Student: 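Take a look at the following structure, please.
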Amino acid sequence: MASGSYVWSPHADAYAAVLLDPVSGRRALIRRPAAGRLPMDDLIRLETLAFRWVSLPTQAPAQSELFGALDTDPLRVLNGMNWLLAYWAVLWDLRAGDPAPQLIRRLDYTGAWRNTGPGEGAPEREHVWRAITERIRAGVLAQLTGDPDLRSRYDAEVARLAPDVFLHITLATMDGLSQDLTRKGLALEGMAAALAEHTDPGDGALPPFGPPR
């Protein structure tokens, strides 16, 4: 079934679907994350809020909702955002053949939200930004691979540090990547809802993303 610029096909596992990018002719297997860990409704809402956060007219209410959710369950929010970043990296891999793990290891943000200086405390702010960005990359790789040890290490870092700082830098990272991929011709908005539409809830133990072919 067509969905935007992609074509979805069913898979033997009802919680998975095969995604075809007609531009590249390549396919990837996309699986829902375990329903008890990252419900699709949460992922759809997080995607919506991430795009609303970058628009000034809708930024304040989006930020308020995100921080409210963060107060309730920070790991569910941050791991959900990491899952979306991993999903976007797979979509770019599908289109361009740029391996998703490599794109994730390059994730960074250098735009207007990165207000680390000049002025007093600028080196410290820059150090914090780089340190959290490194941890975000690890968290996104954990969602890409489904590696439980990577996930546990990321979760421990969030608990040890400040979830609100993770949220701010993850939002900025999502903004940077989504703008970059949109300029390159990808349609990202609505892709979480498209996965929900073409799959059923499940608790499969397999990695969420099969490598594009």
Side-chain angles (χ1 to χ4, degrees), residues 15-16 28-47 49-50 53 66-93 98-110 113-114 116 123-178 180-181 192 195 202-212:
Y15 65 90
L29 183 65
I30 312 293
R31 300 180 179 93
R32 283 193 187 209
R37 186 169 53 83
L38 291 176
M40 284 306 304
D41 286 348
D42 285 10
L43 295 172
I44 292 167
R45 189 60 184 163
L46 286 171
E47 181 196 82
L49 291 171
W53 181 80
L66 283 164
F67 273 91
L70 193 76
D71 288 341
T72 302
D73 192 338
L75 290 176
R76 193 152 155 172
V77 172
L78 295 170
N79 279 312
M81 296 169 78
N82 289 343
W83 185 93
L84 288 167
L85 282 164
Y87 189 17
W88 296 353
V90 170
L91 293 177
W92 179 239
D93 189 347
D98 182 5
Q102 293 184 23
L103 185 152
I104 291 167
R105 292 186 180 99
R106 298 195 303 268
L107 280 177
D108 200 3
Y109 177 80
T110 57
W113 303 116
R114 188 167 181 162
T116 59
E124 291 80 5
R125 291 194 298 273
E126 178 63 20
H127 173 75
V128 168
W129 192 286
R130 291 183 180 181
I132 297 297
T133 297
E134 182 178 346
R135 289 163 172 81
I136 290 168
R137 293 186 194 116
V140 178
L141 281 170
Q143 296 303 321
L144 178 74
T145 62
D147 186 317
D149 291 334
L150 286 178
R151 282 204 308 262
S152 295
R153 287 200 291 272
Y154 172 82
D155 291 354
E157 288 294 281
V158 171
R160 186 176 70 86
L161 301 170
D164 58 331
V165 177
F166 272 87
L167 178 60
H168 177 74
I169 297 178
T170 304
L171 281 167
T173 302
M174 294 178 81
D175 178 28
L177 182 61
S178 65
D180 183 37
L181 298 185
L195 176 61
D203 291 301
L206 295 172
F209 305 104

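Computed from a predicted structure; not experimentally measured.
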Student: Would you call the rings of His168 and Trp53 parallel, tilted or perpendicular, taking 30° and 60° as the class edges?
Tutor: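 Rings of His168 and Trp53: perpendicular, over 60°.
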Student: Say you draw a straight line from CZ of Phe166 to OG1 of Thr173; how long is it, rounded to the nearest 0.5 Å?
Tutor: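 OG1 of Thr173 is found 11.0 Å from CZ of Phe166.
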Student: Taking NZ, NE, NH1 and NH2 as the nitrogens, is one of them in Arg130 or Glu126 under 4.0 Å from a carboxylate oxygen of the other?
Tutor: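 A salt bridge links Arg130 with Glu126.
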Student: Rounded to the nearest 0.5 Å, what's the gap from CG on Leu171 to CG on Leu167? Could you check?
Tutor: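 Result: 4.5 Å between the selected atoms.
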Student: Under the side chain to side chain donor-acceptor pair (under 3.5 Å) rule, collect the residues that match up with Tyr154, sequence neighbours excluded.
Tutor: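 Asn82.
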Student: Go through the structure and list residues passing side chain to side chain donor-acceptor pair (under 3.5 Å) with Asp98, not counting sequence neighbours.
Tutor: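 Side chain to side chain donor-acceptor pair (under 3.5 Å) list for Asp98, sorted by chain: Trp92, Arg106.
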Student: Taking the side chain as everything from C-beta on, heavy atoms only, tell me whether Pro208 gets closer than 4.5 Å to Ile30.
Tutor: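 No, every pair of side-chain atoms sits at 4.5 Å or beyond.
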Student: My understanding is that only residues two or more places apart in sequence, or in another chain, count here; which of them pass side chain to side chain contact (heavy atoms under 4.5 Å, CB included) with Ala172?
Tutor: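 Tyr109, Trp113, Trp129.
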Student: Please lay out, stage by stage, how Leu103 and Leu107 fare under the test side-chain contact (heavy atoms from CB on, under 4.5 Å).
Tutor: CA-CA 6 Å; Leu103 185 152; Leu107 280 177; 4.1 Å; yes
Student: Quick one: CZ on Phe209 to CG on Leu29, what's the gap to the nearest 0.5 Å?
Tutor: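 Separation between the atoms: 10.5 Å.
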Student: Can you measure from CG (Leu78) to CZ (Arg135) and round to the nearest 0.5 angstrom?
Tutor: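 Rounded to the nearest 0.5 Å, the CG-CZ separation comes out at 13.5 Å.
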Student: My understanding is that only one of Asp71, Asp41, Asp42 makes a salt bridge (Lys or Arg N to Asp or Glu O under 4.0 Å) with Arg76; could you say which?
Tutor: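 Filter result, single survivor: Asp42.
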Student: The criterion is side chain to side chain contact (heavy atoms under 4.5 Å, CB included); which residues satisfy it with Ala69, sequence neighbours excluded?
Tutor: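 Ala69 satisfies side chain to side chain contact (heavy atoms under 4.5 Å, CB included) with Val77 once adjacent residues are dropped.
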Student: Might you point out which heavy atoms bring Asp147 and Asp149 nearest each other, and give the distance in Å?
Tutor: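 Taking every non-hydrogen atom into account, OD1-N, 2.8 Å.
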Student: Does some side-chain heavy atom of Ile136 sit less than 4.5 Å from a side-chain heavy atom of Val140?
Tutor: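 Touching, per the 4.5 Å side-chain cut-off.
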Student: Among pairs that include at least one residue of residues 136-146, which meet salt bridge (charged side-chain N to carboxylate O under 4.0 Å, His left out), considering only residues two or more places apart or in two chains?
Tutor: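 Counting only pairs at least two positions apart or across chains, no salt bridge (charged side-chain N to carboxylate O under 4.0 Å, His left out) contact touches residues 136-146.
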Student: Side chain of Gln143, backbone of Ala86: donor and acceptor closer than 3.5 Å?
Tutor: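 Here the side-chain-to-backbone pair does not exist.
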Student: Which atom pair, heavy atoms only, marks the closest approach of Leu46 to Gly80?
Tutor: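 Residues Leu46 and Gly80, closest heavy atoms: CD1-CA, 3.8 Å.
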Student: Could you pull out the closest heavy-atom pair between Pro207 and Arg31, with the gap in Å?
Tutor: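 Between these two residues, the closest heavy atoms are O-NH1, 2.5 Å.
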Student: Where do Ala50 and Met174 come nearest, in terms of heavy atoms and distance?
Tutor: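 What the structure gives for the nearest pair is CB-CE, 3.8 Å.
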Student: How long is the gap from CE on Met40 to CG on Leu195, to the nearest 0.5 Å?
Tutor: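 So the gap between those two atoms works out to 4.5 Å.
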Student: List in chain and number order the residues that pass side chain to side chain donor-acceptor pair (under 3.5 Å) with Asp73, two or more places apart in sequence or in another chain; answer none if no residue qualifies.
Tutor: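 Applying side chain to side chain donor-acceptor pair (under 3.5 Å) to Asp73 gives none.
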Student: Which heavy-atom pair separates Gly210 from Ala28 by the least distance, and what is that distance?
Tutor: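 Taking Gly210 first and Ala28 second, the nearest heavy atoms are O-CB, 3.8 Å.
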Student: What are the two closest heavy atoms between Leu84 and Glu47, and how far apart are they?
Tutor: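 Taking every non-hydrogen atom into account, CD1-N, 3.6 Å.
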Student: Just verifying a value: how many Å separate Asp155 CG and Asn79 CG, rounded to the nearest 0.5 Å?
Tutor: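 Between atom CG of Asp155 and atom CG of Asn79 there are 5.0 Å.
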